[in-house]
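Only one structure is covered here, and it is reproduced in the block below.
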Protein chains: 2
Amino acid sequence: MANDTRQRILEACSICIARDGVRGMRIQDVCTQAGVSTGLVYYHFADRDGLLAAALEYVNVDSVARREEPVAGGVGSRGLLLELLLGEIQDDESVRAKSIVWNEIRAIAVFEPPLARHLSTSTAAWQSHVAELVTGHTGAGTEACRETALLLTALVEGISGRWLSGQLDTAAARAALKRGLDAILPERR
Amino acid sequence: MANDTRQRILEACSICIARDGVRGMRIQDVCTQAGVSTGLVYYHFADRDGLLAAALEYVNVDSVARREEPVAGGVGSRGLLLELLLGEIQDDESVRAKSIVWNEIRAIAVFEPPLARHLSTSTAAWQSHVAELVTGHTGAGTEACRETALLLTALVEGISGRWLSGQLDTAAARAALKRGLDAILPERR
């Protein structure tokens, strides 16, 4: 029950951020969206920073779920990787909302060290999942796979920024991402 | 003289954004930083949006200057391209400030269509300069070079985000960028 409320507040928070940005997000709007009292929000998240950090974790939950799936070796890994990366850019309201939350928090973390730490943890988790899939495909050493994963995830972030600001439509952004994967991690012949 | 004042206000605006973010930037702080009256700021830029758009153009001036340099073909182009891309990530206060301004405006453009249009114009100009250097190196067709330039510039944006939020230090960010260029636009054998 308490867990349901927490989820509901986080979903509401992610909707508010996607609509108004972190700058425009007011705790009161999150309460209205979630249908809960401000007291309940502060009970679960202590303060605005706590809510933002939890929202970041929340938008990261899909990746966490995928992270727990077993990683197949060989061609399977690259297919999964392509799917995982393309999953970040889709014509789907919830995917777009989550991407906006990430994008906002990335920008704001430049000025807010506590948020930067949460961002760093979330990004590292995502990146090591990607590195695992790279290893499954190439069998290369840990360091090389980590470097490849850094390029792939940074490219997703760069292309997502173009997509969210309307410089690329969904199809063009996905096509660019696929070309990027082909260049950075070519298919095995 | 009027031009000097304009430049001074834009430099001050870029310093304020780098320090406080666009969210924290107040016209009054820009005036104090530039040593001018609010009236003068509104005279030159009409409103806050006008000032932000002009600041984006201002931080883009370096690239514009480089864009006017003649593009050499062959190995020279790739060297210039590497230099141009690495130029975005340097241990230099002014480079970092400009990068923060870009990063902020990219994030905010998601919510502000007029700013998104300015961003799109600036990005397109930068990207076509990069495409020109790619053409100089590969001699490939326009569309292929444009696609390569999209990947390279999006990668710069993604890696810059990691750098600005302290997830990568300058050396690591530059090394990643160089590896990205090697993957996306390999040196000719």
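Every heavy atom of this structure was used, including side-chain atoms; hydrogens, water molecules and symmetry mates were not. Lettering follows sequence order; numbering is per chain, from 1.
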Q. Between Leu150(A), Ile184(A), Leu115(A), Leu185(A), which residue shows the highest count of heavy-atom pairs closer than 4.5 Å to chain B?
A. Leu150(A)
Q.
Counting heavy-atom pairs closer than 4.5 Å to chain B, which one of Ser120(A), Ala175(A), Ala124(A), Ala109(A) comes out on top?
A. Ser120(A)
Q) Relative to chain B, which of Glu147(A), Arg106(A), Glu104(A) shows the most heavy atom pairs under 4.5 Å? A) Glu147(A)
(Q) Taking the basic N atoms (NZ, or NE/NH1/NH2) and the acidic carboxylate oxygens, is any pair closer than 4.0 Å for Asp182(B) and Lys178(B)? (A) yes
Q | Arg19(B), part contacting chain A, at a heavy-atom distance under 4.5 Å | A | backbone
Q: Mind ranking Gly21(A), Ser160(A), Ala116(A), Gly180(A) by heavy-atom pairs under 4.5 Å with chain B and telling me who comes out on top?
A: Gly21(A)
Q: Examine whether an atom of Ala172(A) lies under 4.5 Å from a heavy atom of chain B, and if so say whether it belongs to the side chain, the backbone or both; otherwise answer neither.
A: neither
Q: Give the minimum heavy-atom separation between Val110(B) and Ser165(A), together with the two atoms involved.
A: CG2-N, 4.2 Å
Q. Do Arg96(A)'s NZ or CZ and the ring of Trp163(A) fall within the cation-pi criteria of under 6.0 Å and 45°?
A. yes
**Q.** Engaged part of Ile100(A) at the chain B interface, taking heavy atoms whose separation is under 4.5 Å
**A.** side chain
Q) At their closest point, which heavy atom of Ala140(A) faces which heavy atom of Thr135(A), and how far apart are they? A) O-CG2, 4.0 Å
(Q) Can you tell me how far apart CG (Leu168(B)) and CZ (Arg174(B)) are? Round to the nearest 0.5 Å. (A) 13.5 Å
Q. Gln127(A): what forms a side chain to side chain donor-acceptor pair (under 3.5 Å) with it, not counting sequence neighbours?
A. Thr153(A), Arg162(B)
